[in-house]
Amino acid sequence: MKLKLNHTEIEFEEGKTIYEVAKANGIDIPVMCFNDDLEHFTSCMICLVKDAKTGKLMPSCTMKAEKGMDIITNDEEVQESRKMALELLLSEHVGDCEAPCRTACPAYMDIPLMNRLLAAGKVKEAWKVVTKDIALPSVLGRICPAPCEGVCRRKPIDGAVSICLLKRYAGDVGSTQEKPDIKQSGKKVAIIGSGIAGLAAAKHSAEKGHAVTIFEKEEQPGGKLRYDTAEELLPKTVLNKEINQIKNLGVTIKTGSLVDEKTFKKIQKDFNAIVIASGGITEEQKNWEIPFNDKGFIADQNTYATEVLGVFVVGTAIKLGRLAIKMLAQGKEVAFSVDQYVNDKPVVGETKRFNSRFGKLKEIEFDEYLKESLPGNRIEPKSGKTEGFTLQEMKVEAARCLHCDCRKPDTCKLRLYSDEFDVKQKVDNDRRHVTKKNVQHDYVIFETGKCIKCGICVRMTAKYQEDFGFTFIGRGFDVEIGIPFNKMLHEGLKKVAVEVADACPTGAIARK
């Protein structure tokens with residue numbers, strides 16, 4: 001039999017759904033409540049398609065394909081309907097894709113993962129996680145004002161997790177001088193200035209395989225970190241150690257190299273891209289034919305690109321008075337733009353993913369989040385902040401983390417589709433559902449607030465004959481998914497716990 005899909009006539013096998021017919025013909029239709037292994041019913045409405053003859057929207061995962069149909073899967077109305085379905089799901093989704101501490105960090109460091117590794121004593125692994133985003137963790141661990149701690153969900157309970165000191169411990173103890181195996185790109189990047197923004201730009205650009213040369217006018221690298229920061233706050237030995245780690249990536253630092261107009265033009269000819277990270281703009285730099293205003297050079301706020309091709313600007317060369325962590329973050333971000341430019345790709349900078357967030361915890365939820373952490377107030381180092389944590393202090397403090405981040409940040413379909421459809425989430429924190437964490441299972445966790453009631457877990461536990469499994473509890477808008485007869489999670493999932501967790505399209509049920 002034949003029907004039309006997006007104005008193209010195709011043949012199909014009788015008994016198949018529109019979704020199955022589309023998939024067989026290479027047309028992707030988003031689904032969340034659908035699972036190939038189970039009997040199906042429609043709940044999420046993400047898979048809507050349109051009957052071109054009637055204009056009617058229908059769920060493709062349950063609607064059978066019929067002879068002579070004329071189906072549209074991707075026009076503006078269909079896309080808008082899917083977006084609306086996603087927004088409805090998100091309006092009741094009580095869960096964060098990334099923890100508040102990570103989104104508050106200008107460098108977007110994966111703080112919860114660092115905490116878990118440190119709590120387990122895996123300090124080198126934690127250092128690798130930290131340095132993915134933070135070029136100078138030992139330095140920042142001493143001078144950062146810690147905006148991440150200001151939004152830590154543990155703060156109103158018994159004190160924020162001491163993230164900055166934990167980051168410092170990872171930098172001080174977990175660092176290695178092992179030279180990484182980096183595939184070289186053949187591209188050359190010049191960085192003018194070796195302050196915190198320049199060092200970060202150099203580190204991340206070198207990791208992308210580019211040959212990086214830093215031009216520094218002073219006799220030693222480090223900028224204000226070296227010359228304007230007190231020794232008792234930031235020992236030079238700490239700064240030198242982390243600069244050497246950046247040099248170990250293959251970065252060349254030419255000190256005593258003042259870049260004037262003539263030198264700048266030569267650098268433009270010799271290098272594929274330039275990053276200006278030299279601090280406040282000087283009178284000499286105003287002759288470099290780069291647009292500027294009373295604050296500094298003019299650059300795109302997302303990509304840091306100037307009007308001069310191949311020239312980027314970060315740090316106080318754009319605007320004076322920025323925090324060290326923000327300038328370091330700019331150094332990280334500009335490396336994405338530089339990499340795109342030298343590889344002839346559209347320069348868009350670092351892409352930002354959709355992030356679900358629901359706001360502050362309610363007091364009734366404190367105990368729910370404390371289930372995954374150690375009890376006790378914030379620890380202060382017994383030897384003082386200058387000395388920092390001991391190993392035992394570090395492990396205990398790291399274990400105070402509440403694990404606010406999602407366990408499926410890269411596979412949650414709700415996040416992936418929200419990204420694709422550019423969805424905006426609106427959550428009323430005062431009226432939202434109270435979220436619970438069911439952790440009484442060795443292998444999986446169930447967070448009720450993240451559930452979209454797709455029913456996959458209900459159908460799967462029924463198919464594999466769990467004694468209790470999952471079921472729908474309640475009616476109408478108040479319906480919830482849970483274990484019947486008030487049984488515990490480990491009683492409901494004895495046979496297919498991991499399989500159910502992997503089949504859940506969100507982070508509601510996930511592997512621990």
Side-chain angles (χ1 to χ4, degrees), residues 3-10 12 16-36 38-95 97 352-358 408 411-428 431-433 449-456 458-459 472 476-479 481 503-508:
L3 57 71
K4 283 185 177 181
L5 269 179
N6 298 332
H7 312 297
T8 300
E9 190 171 71
I10 61 166
F12 68 95
K16 297 291 186 181
T17 64
I18 295 172
Y19 169 76
E20 291 170 325
V21 173
K23 185 178 180 180
N25 284 272
I27 297 175
D28 182 44
I29 296 176
V31 288
M32 292 185 68
C33 61
F34 179 83
N35 186 292
D36 286 319
L38 304 170
E39 291 292 325
H40 186 63
F41 66 84
T42 303
S43 65
C44 73
M45 305 304 285
I46 306 299
C47 68
L48 289 174
V49 296
K50 184 168 71 175
D51 184 332
K53 296 178 180 178
T54 65
K56 182 181 178 181
L57 294 168
M58 62 186 79
S60 63
C61 63
T62 51
M63 183 65 66
K64 296 293 184 181
E66 296 179 2
K67 181 180 179 180
M69 275 184 163
D70 189 354
I71 301 297
I72 304 296
T73 69
N74 59 1
D75 70 1
E76 186 176 341
E77 184 180 8
V78 169
Q79 297 293 79
E80 190 61 34
S81 297
R82 291 173 183 170
K83 183 176 181 178
M84 187 180 298
L86 284 166
E87 288 174 343
L88 286 171
L89 293 174
L90 284 169
S91 68
E92 293 189 342
H93 181 72
V94 186
C97 299
K352 305 294 185 183
R353 299 181 62 191
F354 171 83
N355 182 52
S356 171
R357 60 179 71 190
F358 65 87
K408 294 184 179 179
T411 59
C412 170
K413 289 186 176 181
L414 189 56
R415 185 183 199 185
L416 294 173
Y417 289 140
S418 294
D419 240 354
E420 180 182 339
F421 289 90
D422 192 26
V423 171
K424 308 301 179 187
Q425 185 183 29
K426 296 179 182 179
V427 176
D428 186 335
R431 301 176 62 183
R432 65 170 174 79
H433 295 301
K450 298 177 181 178
C451 178
I452 61 169
K453 306 175 183 66
C454 68
I456 287 177
V458 175
R459 286 171 277 147
F472 290 100
F477 291 111
D478 296 324
V479 70
I481 284 181
C504 176
T506 71

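All values reported here derive from a predicted model rather than from experimental measurement.
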Quick one: does [X]'s side chain have a donor or acceptor within less than 3.5 Å of a partner on [Y]'s backbone?
| X | Y | value |
| --- | --- | --- |
| Asp419 | Arg353 | no |
| Arg459 | Glu39 | yes |
| Ser60 | Cys47 | yes |

Residue pairs fulfilling salt bridge (charged side-chain N to carboxylate O under 4.0 Å, His left out) with at least one residue in residues 44-66, sequence neighbours excluded: Lys50-Asp75, Lys50-Glu77
side-chain contact (heavy atoms from CB on, under 4.5 Å) evaluation trace for Met32 with Leu89: CA-CA 11 Å; Met32 292 185 68; Leu89 293 174; 4.2 Å; yes
Close side-chain approach of Val49 to Met58, heavy-atom, < 4.5 Å: yes
Within-4.5 Å side-chain heavy-atom neighbours: His7 and Ile72: yes
Heavy-atom pair of closest approach, residues Cys61 and Thr42: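 Heavy atoms only, the tightest pair is SG-OG1, 3.7 Å.
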Partners meeting side chain to side chain donor-acceptor pair (under 3.5 Å) with Gln79 (sequence neighbours left out):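 Once residues adjacent in sequence are excluded, the partners of Gln79 under the side chain to side chain donor-acceptor pair (under 3.5 Å) criterion are Arg82.
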Pairing residues for Gln425 by the side chain to side chain donor-acceptor pair (under 3.5 Å) criterion, not counting sequence neighbours: Ser356
Stepwise side-chain contact (heavy atoms from CB on, under 4.5 Å) test for Lys408 and Cys504: CA-CA 10 Å; Lys408 294 184 179 179; Cys504 176; 3.6 Å; yes
CZ/Arg432: more than 12 non-hydrogen atoms of other groups inside 6.0 Å: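 Buried by this count: over 12 neighbours within 6.0 Å.
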